[in-house]
Amino acid sequence: MPELPEVETIARGLHKRVTGDVIESVWLGRKPEPLKSTALEIARVLEGSRIGGVRRVGKHIVVDLERNPVARPPRSAKSRKTGLARRGFKTRPAPPSPTTLAEAGRAARPELAEGSIRSTAAGAIQSKSQWIVHLGMTGRLLVCEPQDEVLKHTHAIVQLASGRELRFVDPRRFGRLSVTRDGKFEAGGFEPLEVELDRFTVLFHGRKTPIKSALLNQKLLRGVGNIYADESLFRAGIRPRRRAASITHEQLRRLFLSVKEVLQEAIALGGSSISDYVDAAGEEGAFQLQHRVYGREGEPCLVCKTPLRRVVIAGRSSHYCPKCQK
DNA sequence: ACTATTTCCTGGATGC
DNA sequence: TGCATCCAGGAAATAG
């Protein structure tokens with residue numbers, strides 16, 4: 001279940017491997033789509049774009065895209081592969097059309113050199129856009145070779161000029177793909193690793209909701225999920241059910257430090273591999289071995305040996321030590 | 001304006 | 001072995 005450290009690990013791996021590559025063609029799976037934007041919008045923005053870099057914002061992977069603002073020839077309905085996929089496809093997807101959009105554009109408008117910013121297409125084309133990927137619970141974004149087996153639940157295949165492919169695989173379909181045309185993706189909330197203490201304190205001030213729920217609220221802090229919320233609360237000595245408003249300033253300071261500490265340690269270990277999480281290179285993280293409460297219901301607290309408890313808060317299982325956390 | 005609950009989705013675990 | 005049921009959870013939608 002990718003949270004901030006897992007997404008950070010994936011984004012770093014992708015950044016290293018695909019920055020500078022050019023997207024030649026895009027295949028998107030069937031509806032009901034795992035998509036926020038429409039398949040058409042996604043394909044239009046991606047195809048012909050150069051990957052300027054990959055980074056993390058909250059739990060989102062942001063792929064920054066650049067393109068030559070060339071006039072774009074209309075595509076015929078027949079040439080569009082999007083939406084043609086059928087449920088549970090098992091064969092290789094159709095190969096990319098021999099002429100990519102970018103090539104067609106350059107051929108049609110050779111005077112538009114690399115780096116040109118002007119477009120004749122009435123504001124329809126931006127030089128900066130973004131591909132936004134949210135992995136949900138079980139999503140993966142993998143760099144593959146074309147001959148690699150296409151995994152079940154592959155919902156998108158992005159073919160790169162280098163010959164490799166970026167594949168989005170998501171069995172549970174909680175993941176989302178979308179694009180922006182202005183390069184201005186906004187996630188809301190503050191980055192937990194960047195937020196300052198006074199801001200952090202204000203975020204929770206006066207809230208009646210349990211502190212666990214507040215930590216999971218992406219409009220406050222972005223990137224903290226169930227595992228790291230529980231681990232942070234344990235390190236701070238705060239029970240997950242405590243109302244945010246009832247937490248003292250000193251305890252909030254401890255929580256502030258704990259959140260950063262847990263996330264930084266997890267990033268250093270490549271994230272937590274629970275169930276099937278792997279990074280862009282297929283490597284597992286190691287932070288699951290450092291979990292002190294998450295997934296340890298009934299096991300002894302590592303500090304005081306008291307059996308750990310699990311309760312459900314706002315539909316999320318929450319693990320804590322009844323003695324160490326008040 | 002907040003907060004709480006429901007919904008989406010499928011594989012794996014559990015129970016009979 | 002097989003079949004039904006439950007559970008995991010991020011975030012949007014809905015309800016209170």
For the residue pair A/V7 and A/H60, establish whether any side-chain heavy-atom pair is separated by less than 4.5 Å. no

Just N and O in the side chain of A/R207: are any of them under 4.0 Å from OP1 or OP2 of B/dT3? yes

Rounded to whole Å, CG of A/L135 lies from P of B/dT10 at a distance of 17 Å

Side chains of A/H153 and A/R172: do they bring a donor and an acceptor to under 3.5 Å? no

Interatomic distance, A/L255 atom CG to A/L233 atom CG [nearest 0.5 angstrom]: 5.5 Å

Quick one: A/R140 CZ to B/dG11 P, roughly how many Å, whole number? 13 Å

Using a heavy-atom cut-off of under 4.0 Å over every strand shown, decide if A/R243 touches base, sugar-phosphate, or nothing. sugar-phosphate

B/S/- along nucleotides 9-16 of chain C (protein heavy atoms under 4.0 Å) is BBB-----

For A/K152 and B/dG11, what is the distance between atoms NZ and C1' respectively, to the nearest whole Å? 9 Å

When the nearest nucleotide of DNA chain B is assigned to A/P210 and to A/H153 on a heavy-atom basis, which residue is associated with the more 5' position? A/P210

Please walk me through it: do A/H291 and A/E231 pass side-chain contact (heavy atoms from CB on, under 4.5 Å)? CA-CA 7 Å; A/H291 293 175; A/E231 293 296 321; 3.6 Å; yes

OP1 or OP2 of B/dA4 versus the side-chain N and O atoms of A/K208: is any pair under 4.0 Å? no

I'd like to know if the side chain of A/R181 pairs up with that of A/Q130 as donor and acceptor (distance under 3.5 Å, no hydrogens or angles considered). no

With a 4.0 Å cutoff (strictly under), does any side-chain N or O of A/T209 reach OP1 or OP2 of B/dC2? no

Residue pair A/E47 / A/S25, side-chain donor-acceptor N/O under 3.5 Å: no

Regarding the side chain of A/P171, the nearest nucleotide among B/dA4, B/dG11, B/dT3 is B/dG11

